[in-house]
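The structure appears right after this line, and notes come after that.
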Amino acid sequence: MGSDFTGKDVYEEEFDPWSYLDTYYNPISGLVTKDGFLDFALKKLHETFTMHGVKGETLIDVGHGPSIYQDLSACESFREIIGADYTDRNREYYEKTLRNEPGIFDWTSVIQAVCDLEGKGTTVEEKREKLKKTVKKTIKCDVTKSNPVAPLVLPKADCVMAIACLESACKDLDSYCNALNNISSLLKVGGYLIISEVLNCTTYFLGGKRFSCLSLNEEFMKSAITNTGYAIIDLQVFPRKYDEEQYNLCDYDSTIFILASKLRDI
């Protein structure tokens, strides 16, 4: 793969937040809306913070990109969420979304879906407010560094979440294992790792430009997480609904969601 790998400078220069959200998350035409990934992710995140009882003081959302859907359930179970992403543009967009600025991507239908899953009668406005209060900041993060948030040194968190992040940041499986260990350094022993990736994916397109993706499978994910010092609590693979046009945009065949607890530092 090597030379086909999309480096971080390309993300800084060419990854357009709005275009990404509209292509993948548009409530009618978005790829992950149509193929079932988004509903699957929302359901698994809801289960994680309710049924599995994951809660605490601080959650770090690593590689959030311009999206906020992954924090909608978490903000009910953690006192604070710290966002962490590599590109300035994504962090700015994430902050604008938290402030619900005009002209940004509209998450209303997704927020409503999470409120419905929770079944407590929370309104979209109340959920937006809760999220804004809970996410304290978003900081620069590079998962290829042994301390991904350097030069900052953060107190160890109760939960680290990385949704569809590491597979875009890592050029090979060894780098993936290193990145997993790097983000684990942000987590206290006894804390929880939430990780979700698309499987058997090599490419995704955005605005006609190709971005690379590291091809992962279930066996590798299990062993990488276990070898990094975790016990897996929940693991589910969700097959994608096949659609040729969408497959040409992004070639994954399924999604994996894993919840694990950290047994030790390695």
Side-chain angles (χ1 to χ4, degrees), residues 11-12 15-27 30 32-33 37-39 41-42 44-46 48-50 54-118 120-143 148-149 152 154-155 157-165 168 183 186 192 194-196 206:
Y11 273 88
E12 191 68 88
F15 186 91
D16 178 60
W18 192 88
S19 168
Y20 168 75
L21 293 174
D22 191 54
T23 302
Y24 288 89
Y25 291 93
N26 180 297
V32 301
T33 312
F37 165 78
L38 183 58
D39 285 342
L42 295 177
K44 293 307 291 181
L45 288 163
H46 169 67
T48 296
F49 300 111
T50 52
V54 172
K55 60 181 193 290
E57 281 292 300
T58 305
L59 176 146
I60 302 174
D61 180 6
V62 172
H64 53 66
S67 317
I68 52 105
Y69 73 89
Q70 69 286 352
D71 296 326
L72 293 168
S73 291
C75 70
E76 303 294 338
S77 296
F78 285 83
R79 202 176 57 78
E80 64 166 12
I81 293 173
I82 298 171
D85 198 84
Y86 184 75
T87 85
D88 298 340
R89 231 184 308 187
N90 278 340
R91 291 200 313 279
E92 276 162 27
Y93 205 92
Y94 180 77
E95 287 177 331
K96 284 179 179 172
T97 305
L98 293 170
R99 293 193 295 267
N100 199 24
E101 288 188 11
I104 51 132
F105 183 80
D106 184 7
W107 290 100
T108 305
S109 58
V110 175
I111 298 171
Q112 185 61 60
V114 173
C115 292
D116 293 346
L117 278 173
E118 289 172 355
K120 293 180 181 162
T122 309
T123 66
V124 167
E125 282 319 303
E126 287 167 336
K127 179 62 95 174
R128 274 206 175 101
E129 205 43 51
K130 183 70 189 261
L131 183 66
K132 190 171 139 195
K133 276 218 297 271
T134 309
V135 179
K136 302 303 182 196
K137 59 186 168 188
T138 171
I139 57 181
K140 178 89 176 174
C141 171
D142 181 347
V143 298
V149 298
L152 298 178
L154 295 180
D158 302 293
C159 185
V160 167
M161 176 163 70
I163 309 288
C165 160
S168 300
I183 67 169
L186 303 171
Y192 294 97
I194 298 164
I195 194 158
S196 184
L206 185 54

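Distance check: C75 SG to D61 CG gives 11.5 Å after rounding to the nearest 0.5 Å. With rounding to the nearest 0.5 angstrom, the CG atom of N100 is 7.0 Å from the CD1 atom of I111. Taken from CD1 in I60 to CD1 in I81, the straight-line distance is 11.0 Å, to the nearest 0.5 Å. To the nearest 0.5 angstrom, E129 atom CD is 9.5 Å from T134 atom OG1. Atom CG in D85 sits 10.5 Å away from atom CG in D142 (nearest 0.5 Å). Rounding to the nearest 0.5 Å gives a distance of 5.5 Å between OH of Y93 and CG of L21.
Remark: the backbone N or O of E57 is paired with a side-chain donor or acceptor of D158 at under 3.5 angstrom.
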Fill in: From CA spacing to verdict: side chain to side chain contact (heavy atoms under 4.5 Å, CB included), F49, L59
CA-CA 12 Å; F49 300 111; L59 176 146; 4.0 Å; yes

Fill in: Derivation of the side chain to side chain contact (heavy atoms under 4.5 Å, CB included) call for T122 and K130
CA-CA 10 Å; T122 309; K130 183 70 189 261; over 6 Å; no

Item to complete: Just do the side chain to side chain contact (heavy atoms under 4.5 Å, CB included) check on S77 and V54 with the steps written out, would you?
Response: CA-CA 7 Å; S77 296; V54 172; over 6 Å; no

Worksheet item: Yes or no on side chain to side chain contact (heavy atoms under 4.5 Å, CB included) for C115 and T123, after CA distance, side-chain angles and deciding distance?
Response: CA-CA 7 Å; C115 292; T123 66; over 6 Å; no

Worksheet item: Can you list the steps and then say if E118 with K120 is a salt bridge (Lys or Arg N to Asp or Glu O under 4.0 Å)?
Response: CA-CA 6 Å; E118 289 172 355; K120 293 180 181 162; 5.9 Å; no

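S19 has its side chain within reach of L206: a pair of non-hydrogen atoms, C-beta onward, lies under 4.5 Å apart. At least one side-chain heavy atom of E95 sits under 4.5 Å from a side-chain heavy atom of R99. Proximity of L131 to L98: side-chain heavy atoms (C-beta onward) are separated by under 4.5 Å at one or more points. Within the 4.5 Å cutoff, the side chain of Y11 has heavy atoms near those of the S168 side chain. Between T50 and L117 there is no side-chain heavy-atom pair separated by less than 4.5 Å. Within the 4.5 Å cutoff, side-chain heavy atoms of N90 are placed close to those of P66. At least one side-chain heavy atom of I163 sits less than 4.5 Å from a side-chain heavy atom of I194. At a threshold of 4.5 Å between non-hydrogen side-chain atoms, the residues K140 and Y86 count as touching.
In summary, R128 and D106 engage in a salt bridge, as defined by a charged side-chain N under 4.0 Å from a carboxylate O. Using a 4.0 Å cut-off between charged nitrogen and carboxylate oxygen, K127 and E76 count as a salt-bridge pair.
A donor and an acceptor atom, one from each side chain of E12 and T87, are nowhere located under 3.5 Å apart. A side-chain donor-acceptor contact under 3.5 Å links Y94 and D71.
The ring pair (Phe, Tyr, Trp, His ring centres under 6.0 Å) test with Y25 singles out one residue from F37, W18, W107, F105, and that residue is W107.
Contact between Q70 and S67 at its shortest, heavy atoms only, is NE2-O, 2.9 Å. Contact record, A157 with T58: CB-O, 3.6 Å, taken as the closest heavy-atom pair. Across all their heavy atoms, C165 and G63 have their closest contact at SG-CA, 3.8 Å. The two residues I139 and L152 make their nearest non-hydrogen contact at CG2-CD1, 3.9 Å. Across all non-hydrogen atoms, the minimal contact from A84 to H64 is N-CD2, 3.2 Å.
Around NZ of K136, the count of heavy atoms belonging to other residues, nucleotides or ligands within 6.0 Å exceeds 12. Remark: K55 NZ is loosely packed, at most 12 non-hydrogen atoms of other residues, nucleotides or ligands lying under 6.0 Å away.
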